[in-house]
Amino acid sequence: MLTSIEKIIFILLALTSAGFTIHGFKTIIDSVRKGRSAPELKNVPGSLIKAGITVLFQRTILKARKILSVIHMGLFFGLITYAFVNLFDALEGLVPGFTLTYGGAHLAYVPTGLVNAFNLISDLMSGALLIAITVFLVRRFFVKDKALTFRDNVLLNDKVKAGAQSRDSLIVDVFVIMHVSAHLMAQAFRLDQGADPFMPIASFLNSIFGASQIGLHVAWWISIGWVMFIIPYLSRSKHTHFFIAPVNLGLAKQNPRGQLDPAIPLKVPNGNHYDPGAKIITDLSWKRILDSYACVQCNRCQDVCPANFYGRPLSPSALEVNKRYLLKEATFGSHPDRLLLPLTEAVISPEAVWSCTTCYACVRVCPVGNEPMADIVDIRRRMIVDGAELDSGVQNALQSLATNGNWMSKGKRLRGRWAKEMEFSIKNATEEPVEHLWFVGDTASFDERVVPNTKMVARIFNHAGLDFGIMYQNESNAGNDVRRVGEEGLFEQLVEQNMQAFGKAQFQRIVTTDPHSFNTLKNEYPQFGGKFEVKHYTVTLLKLFEEGKLTIKKELSHYKVTFHDPCYLGRYNGGFTAPRKLLELVGVEFDEMPRNCENSFCCGAGGGQIWMGKVAPGERPAENRIKEALTTFEKNPSDKKQLFIVTCPKDMIMYSDAVKTTSNESKIEVRDIIQLIAEAVGVEEPVLTQAVTSPA
Ligand code: SF4
Ligand code: SF4
């Protein structure tokens with residue numbers, strides 16, 4: 001179809017385009033290689049294949065924004081189809097006599113049915129692509145969907161503030177519209193024998209515009225010629241994610257969700273000295289530099305971020321976007337020195353760094369396997385080493401942890417005081433063998449609001465005949481939140497203290513009441529040689545029921561309850577089933593909140609937030625969650641007592657406070673699941689009898 005001159009121009013254009021594209025991707029690879037080493041990956045080809053299949057079936061995108069995700073899927077499949085459409089369009093231009101219209105009647109070597117099927121798919125897909133891209137254009141530029149914007153207090157790269165993201169989207173969206181429309185027009189101009197039933201849209205256009213050789217040449221150049229300009233542009237735009245996202249997913253973290261990467265990579269190349277954590281972008285691992293190229297800039301992570309919800313200046317997506325623009329300026333632009341800018345100036349503000357609850361929601365929801373939370377922890381790590389000013393509450397907590405092994409400024413010896421107040425003795429696991437070593441945790445050991453529940457757990461264990469003990473003053477804080485605050489040195493000190501205590505004890509498994517302790521003991525202590533079987537108390541309790549060691553004496557159908565999945569039990573460790581089975585066993589009426597299981601909403605306490613001295617204004621995540629529970633109950637009203645059930649000592653505090661601050665004490669009560677179990681199995685607190693002295 002093309003004339004000889006046109007063919008020469010096209011080939012020159014294609015070669016130039018390939019050169020710029022290769023340069024674009026080489027620049028990306030070079031910048032990624034500047035990062036530190038990442039934890040080793042096993043079976044990379046297998047992971048890449050798995051990621052390819054995941055992307056092909058768009059499995060990760062449906063985790064949020066269902067309707068838009070379906071439209072995005074249409075766009076994705078449309079673009080995949082278009083890779084073939086472009087190939088055949090190029091062949092139609094370059095190979096004389098090659099055309100797929102009318103079932104490829106001139107092509108003796110290809111089955112007509114196959115060509116017709118391809119024509120029908122590509123024709124309909126073209127229409128679907130135009131609709132999908134129009135929806136995205138309308139959403140961004142006319143509806144101005146707030147989900148695509150950032151809060152004013154979030155640190156943003158100047159170019160992003162000036163609208164670079166929108167410009168980028170506009171360029172690519174307009175390209176797709178021109179490209180697809182021109183392809184359809186070229187097909188229409190090609191139909192010199194009238195309509196082709198397998199090309200309904202092109203046939204419709206043909207009925208209006210007719211067939212035309214000049215029209216075909218013009219449309220072909222608009223359609224295929226533009227591709228030669230857009231491909232090199234893609235490697236320099238946010239749409240790099242088309243190519244990098246599948247690779248990024250394939251190279252995603254393989255370690256457990258609840259295990260942070262080491263503060264200093266395990267493999268440090270010869271002669272290099274690494275400080276812990278990250279100050280500048282190249283202190284991040286190469287994988288987390290790659291994250292920014294894979295980022296779709298969809299803001300799904302921002303949608304689920306409790307800190308962002310609370311009005312804090314934190315947006316995990318802004319973090320990735322800023323990384324991307326910083327790299328662009330330093331590698332594609334003329335500012336290589338920008339690579340040396342502190343991340344806290346170029347990527348995320350210090351206030352935002354200290355707002356993260358480490359809830360993992362951003363990582364979980366990300367369709368391309370990014371880990372903005374891990375960057376934040378690394379930035380905290382370096383800030384701590386560099387002596388950054390900390391919130392006074394966090395500072396006090398860390399000081400107390402260093403001297404007392406707990407964050408509550410309590411003497412070590414007081415840790416087991418609650419146990420000594422019990423009506424039966426509780427074994428000291430460092431002095432006699434036990435089957436279950438109960439790692440109680442700070443909040444459950446010291447906080448007066450939680451201690452009654454701790455005692456009830458002990459009573460239920462005792463009632464069921466469980467062989468258990470605690471470590472009394474030998475237990476130290478497990479270190480989960482200390483590590484997430486970035487105090488790696490103190491974390492290691494706490495691990496060492498606990499490992500020494502475990503060394504004195506004989507036990508088969510650890511049971512914990514605190515999901516935070518559960519997480520680090522299960523997932524991070526193995527990094528330090530502590531490989532234990534670790535159970536959350538909900539799992540232990542369920543087993544006791546299954547073994548008949550606990551039996552229900554009274555069904556609790558007079559309660560209407562909902563349940564909050566703690567981040568470190570649920571999202572991090574998949575502990576969704578045991579609490580729900582326990583609630584079913586005790587016979588309560590259970591209403592599930594919309595945000596549940598993986599999609600649970602953080603209470604706002606994690607990552608050291610519970611230690612913060614300063615409380616920011618605005619509706620706190622826990623308050624929002626209480627409102628969510630009440631709205632859930634309202635859908636199915638009854639006069640039963642309404643309970644908000646928790647399985648984490650910190651949740652007990654956060655939500656009890658939130659019920660008070662939202663003035664909902666008359667509508668809902670926060671209870672630990674153990675309180676329901678105690679009532680259902682008929683274990684009660686002993687009545688304390690006071691000696692009455694009669695007057696003489
Ligand atoms: S871990 Fe949670 S709080 Fe931190 S950035 Fe991600 S979503 Fe926000
Ligand atoms: S990090 Fe993931 S979820 Fe967040 S904007 Fe980028 S692609 Fe979307």
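Numbers here are sequence positions counted from 1. For clarity, every value in this text was computed on a predicted model and none was experimentally measured. Indexing begins at 1, ligand by ligand and atom by atom, following the structure's order.
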Under 4.5 Å between any side-chain heavy atoms of [X] and [Y], yes or no?
X	Y	value
L155	I348	no
H564	S600	yes
N308	L314	no
D657	I653	yes
D375	L284	yes

Identity and distance of the protein heavy atom lying nearest [atom]:
atom	result
atom 5 (S) of ligand 1	L314 CD2, 3.7 Å
atom 6 (Fe) of ligand 2	C295 SG, 2.3 Å
atom 8 (Fe) of ligand 2	C298 SG, 2.2 Å
atom 7 (S) of ligand 2	V296 N, 3.2 Å

Taking the cut-offs as 6.0 angstrom to the six-membered ring centre and 45 degrees off its axis, would you call R595 and F601 a cation-pi pair?
yes

Would you say C366 reaches atom 4 (Fe) of ligand 2 with an N/O/S atom under 2.8 Å?
no

Looking at Q259, is its backbone amide N or carbonyl O close enough to the side chain of K253 to form a donor-acceptor pair, meaning the two atoms are under 3.5 Å apart?
yes

Could you list which atoms of ligand 2 come closer than 4.0 Å to a heavy atom of [X]?
X	value
Q297	5 (S), 6 (Fe)
C301	1 (S), 3 (S), 4 (Fe), 5 (S)
N370	1 (S), 6 (Fe)
N299	5 (S), 8 (Fe)
E320	1 (S)

Listing residue and atom name, which protein N/O/S atoms are closer to atom 2 (Fe) of ligand 1 than 2.8 Å?
C359 SG

Show every side chain to side chain donor-acceptor pair (under 3.5 Å) that has at least one partner inside residues 645-654, sequence neighbours left out.
D481-K650

CA sep, side-chain torsions, deciding dist, call: E329, N157, side-chain hydrogen bond (donor to acceptor under 3.5 Å, both in side chains):
CA-CA 10 Å; E329 286 159 5; N157 178 287; 3.1 Å; yes

For this output row, return yes or no: ring centroids of F25 and F243 closer than 6.0 angstrom.
yes

Classify the ring geometry of W407 against W611: parallel below 30°, tilted from 30° to 60°, perpendicular beyond 60°.
tilted

What do you reckon, does P372 put a non-hydrogen atom under 4.0 Å from ligand 2?
no

